[in-house]
Amino acid sequence: QLSTHPAVNVFDMGHQYPFVYYRGTNTNLQVFRIDDNYVIYTEELYGRGVVSENFFDLNSKKITITEGRNLTQSEIEEGASVGLIPEFVAKFNLINIGDKIPFRHQIGDKRNHQYASYVGESYEIEVIGFFKLNTDEIYNEKGSLKEEYYYIYVAERFLNERYLVDKQMYADAQ
């Protein structure tokens, strides 16, 4: 009901969920600090679900699409496997518009101080655009790169489908 109120300009209820990058064994995405002082290697980007092509971070000018295009409303509604990634992640990993980034379903379980990891099917997300954050604040209060620099904007429906697969993997592993 709130989303249809005349005073509401933008309504966004997307979730966030980790996507585990996969390109074979021991190969991670390189996420560089903006000032290029050193490299952060990571296996995860955080899928940020959007329910409208006029999603909040774009509409509020928190981010700007610097190359490529935004998700279309039909891609969002069908849950297409397309997304927007940070331009600096693309730059340092030689990712171009139209490339498909491989991810895999992976869950972990920690019991008795032992860590078990379960790996499931892989999937790809086609890069349709690059974005940059419109802020000078790139580090959080702990000195780490702000989490927004790890986002990949995807359709909420696509993100939810990935979550349900992981949830089923976890149930099966139990």
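Fair warning: this is a prediction, and the values are worked out from it, not measured in the lab.
- Atom CZ in F88 sits 13.0 Å away from atom NZ in K132 (nearest 0.5 Å).
- Between the D57 side chain and the I63 main chain, no donor and acceptor come within less than 3.5 Å of each other.
- Summarising the geometry, atom CE belonging to M169 is positioned 8.5 Å from atom CD belonging to E121; distances are rounded to the nearest 0.5 Å.
- Using a 4.5 Å heavy-atom cutoff, the side chains of I76 and R157 are not in contact.
- To the nearest 0.5 Å, atom CZ of residue R48 and atom CD1 of residue I152 are 13.5 Å apart.
- Applying the side chain to side chain contact (heavy atoms under 4.5 Å, CB included) test between F130 and each of I65, T64, I97 identifies I97 as the sole match.
- Minimum heavy-atom separation, G79 to A155: CA-CB, 4.0 Å.
- Within the cation-pi definition used here (under 6.0 Å to the ring centroid, within 45° of the axis), R162 qualifies as a partner of F158.
- In this structure, I85 CD1 and L45 CG are separated by 7.5 Å, a value rounded to the nearest 0.5 Å.
- For the atom pair E53 CD and Q73 CD, the distance stands at 5.0 Å (nearest 0.5 Å).
- Around the OH atom of Y123, the shell of radius 6.0 Å holds more than 12 heavy atoms that belong to other residues, nucleotides or ligands.
- Partners of K167 by side-chain hydrogen bond (donor to acceptor under 3.5 Å, both in side chains), not counting sequence neighbours: none found.
- Residues meeting the side-chain hydrogen bond (donor to acceptor under 3.5 Å, both in side chains) test with E78, sequence neighbours left out: none.
- Smallest separation of non-hydrogen atoms from V127 and N96: CB-O, 4.0 Å.
- Contact of the Y153 side chain with the N70 side chain is not registered, since no non-hydrogen atoms from C-beta on lie closer than 4.5 Å.
- You'll find the side chain of S122 stays beyond 4.5 Å of the side chain of F103, heavy atoms only.
- When every heavy atom of I128 is checked against every heavy atom of V82, the shortest pair comes out as CG2-CB, 3.8 Å.
- Residues L164 and Y46 are members of one and the same hydrophobic cluster, defined by side-chain heavy-atom contacts under 4.5 angstrom among Ile, Leu, Val, Met, Phe, Trp and Tyr.
- In this structure, CD on E77 lies 13.5 Å from CD on E156, to the nearest 0.5 angstrom.
- Across S81 and E124, no two heavy atoms sit closer than the pair CB-O, 3.4 Å.
- Taking every heavy atom of both residues into account, R69 and E75 meet most closely at NH2-OE2, 2.7 Å.
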